[in-house]
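Encoded as structure tokens, the structure appears first; notes follow it.
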Amino acid sequence: MNTSRNDMPIGFFDSGVGGLTVLKEVKKLMPNENIIYFGDTLHVPYGEKTKEQLLDYSKDILNFFQEKRCKAVVMACNTTSSTIYEDIRSKYYFKIYPIVQSIAKIIGKTQLERIGIFATPATINSGAYQKEIAKYNPDMKIYGRDCPAWVKIVENNTSENPDCVEIIKNDLNTMLRMNPQKIVLGCTHYPFLLPVLTKFAPKELFIDPAAYFAHSINADLILSGLTRENHSENYEEFYVSAEPEKFKNSAKMFYDIESEVKVIKF
Ligand code: DGL
């Protein structure tokens, strides 16, 4: 086993705090890993950006992970997985794990007949979930609904504000009218809203992809001989492109960030 390669960090990126839902699950399975997390808070919300913009941001972030000598990168963002993953997947020496493709495979292999997907406008417009699920189950009925306000609610930490609760409830009610058997939280920010969503619908209705995604990343890293079995101290570094204190504060619900959150601009 090439120890130095195994010690290299895993890079995670998202437009903000959403990717922490994935990081948390990955750490449960792989507590010894070194981690570099980047939240592109200057450009959030990604769900309202064009493909060209997302390509630009992602290139900078992936170059940064290259400089940091990451052994693998987790695209903990449904929006970039849906829109630009195919364009950049083979341009780096490290493997990139995209959340949408990984989750669609798991969902497509279930016996479910009708599922709902809550996601950002860019993810819904891309049709990526439909396309990926159809590879495994072309008959599954998929109801996509974009929730343009939800990412801002999470980043601003205002999910308990009555106006925000009303927005979330209305989006949920529209989805419930389609009578889905399960609803996938197809944006990594959305699990932060489960305390609100579960006031109006049973918890079992929702699929938070984070744990499933973490298992597939873990399995692939094991297969590639890339996990870090070294029990000596590991590190976690957090970077954002703007407002580090706000990031740290909104992150609290999902992840206790002990180190300083550094600002980096490309
Ligand atoms: N959390 C990301 C996703 O899973 C991006 C959300 C956004 O910035 O719009 O799609």
Side-chain angles (χ1 to χ4, degrees), residues 11-26 37-58 60-62 73-86 88 96-104 107 116-132 144-159 164 167-168 171 183-194 197 206-214 216-217 238-243 246-247 250-251 253-255:
F12 282 75
F13 83 95
D14 180 41
S15 61
V17 293
L20 296 171
T21 58
V22 176
L23 173 57
K24 187 175 174 180
E25 296 299 328
V26 167
Y37 186 97
F38 183 82
D40 195 2
T41 46
L42 185 64
H43 299 123
V44 64
Y46 272 11
E48 291 167 24
K49 301 294 189 293
T50 62
K51 180 172 175 181
E52 288 67 34
Q53 287 173 308
L54 295 171
L55 260 178
D56 259 12
Y57 307 150
S58 301
D60 286 336
I61 298 165
L62 292 163
V73 169
V74 177
M75 203 178 246
C77 172
N78 291 261
T79 305
T80 50
S81 304
S82 300
T83 52
I84 58 119
Y85 167 69
E86 296 298 339
I88 48 102
I96 301 172
Y97 295 111
I99 185 164
V100 170
Q101 289 75 352
S102 171
I103 296 311
I107 292 170
I117 312 266
F118 277 138
T120 67
T123 299
I124 295 297
N125 292 338
S126 74
Y129 266 104
Q130 283 85 342
K131 209 165 55 206
E132 292 296 325
R145 174 158 181 92
D146 61 345
C147 310
W150 290 19
V151 168
K152 283 175 219 154
I153 293 173
V154 172
E155 287 290 325
N156 295 333
N157 205 3
T158 54
S159 64
C164 297
I167 292 172
I168 297 165
D171 285 327
I183 302 174
V184 179
L185 301 177
C187 166
T188 51
H189 280 75
Y190 295 175
F192 279 78
L193 300 177
L194 274 169
L197 289 164
F206 301 99
I207 298 178
D208 172 1
Y212 300 101
F213 187 33
S216 71
I217 295 165
F238 291 88
Y239 298 87
V240 291
S241 44
E243 302 189 281
K246 185 177 166 189
F247 174 86
S250 301
M253 188 177 148
F254 258 91
Y255 210 88

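The structure displayed is predicted, hence computed values, not measured ones. Both ligands and their constituent atoms are indexed starting at 1 by order of listing.
Under 3.5 Å, the side chains of T120 and T79 contain a donor-acceptor pair of N or O atoms. Under 3.5 Å, the side chains of S250 and N157 contain no donor-acceptor pair of N or O atoms.
Looking at S15 next to ligand 1, an N or O pair under 3.5 Å apart turns up. Looking at C187 next to ligand 1, no N or O pair under 3.5 Å apart turns up. The shortest N or O to N or O distance between Y46 and ligand 1 is under 3.5 Å.
Under 4.0 Å from ligand 1, heavy atoms of N78 appear from its side chain as well as its backbone. In T120, the part holding a heavy atom less than 4.0 Å from any atom of ligand 1 is the side chain. Contacts between T188 and ligand 1 below 4.0 angstrom, taking non-hydrogen atoms only, involve backbone and side chain alike.
For residues 44-57, the pairs satisfying salt bridge (charged side-chain N to carboxylate O under 4.0 Å, His left out) are E48-K152, K51-D87, with sequence neighbours left out. Sequence neighbours left out, the pairs with a member in residues 119-132 that pass salt bridge (charged side-chain N to carboxylate O under 4.0 Å, His left out) are E132-K135.
Close contacts of ligand 1 with P45, meaning ligand atoms under 4.0 Å from a residue heavy atom, involve 7 (C), 8 (O), 9 (O). Counting the atoms of ligand 1 from 1 in the order shown, those under 4.0 Å from a heavy atom of V44 are 8 (O). Residue-ligand proximity, T79 to ligand 1, at heavy-atom distances under 4.0 Å covers atoms 3 (C), 5 (C), 10 (O). Close contacts of ligand 1 with V151, meaning ligand atoms under 4.0 Å from a residue heavy atom, involve 6 (C), 7 (C), 8 (O), 9 (O).
Between F247 and F238, the ring planes lie tilted relative to each other; the angle falls in the 30° to 60° range. Using bins of under 30°, 30° to 60° and over 60° for the plane-to-plane angle, the ring pair Y190/F118 lands in the perpendicular bin.
G18 does not count as a contact of ligand 1, since none of its heavy atoms falls under 4.0 Å from the ligand.
Nearest non-hydrogen protein atom to atom 9 (O) of ligand 1 is G47 N, 2.8 Å. The protein atom (non-hydrogen) at minimum distance from atom 2 (C) of ligand 1 is D14 OD1, 3.0 Å.
Between L62 and I96 the shortest side-chain heavy-atom distance falls below 4.5 Å.
In this structure, the ring of Y255 has its center no less than 6.0 angstrom from the ring center of Y37.
Closest heavy-atom contact between G18 and T21: O-OG1, 2.7 Å.
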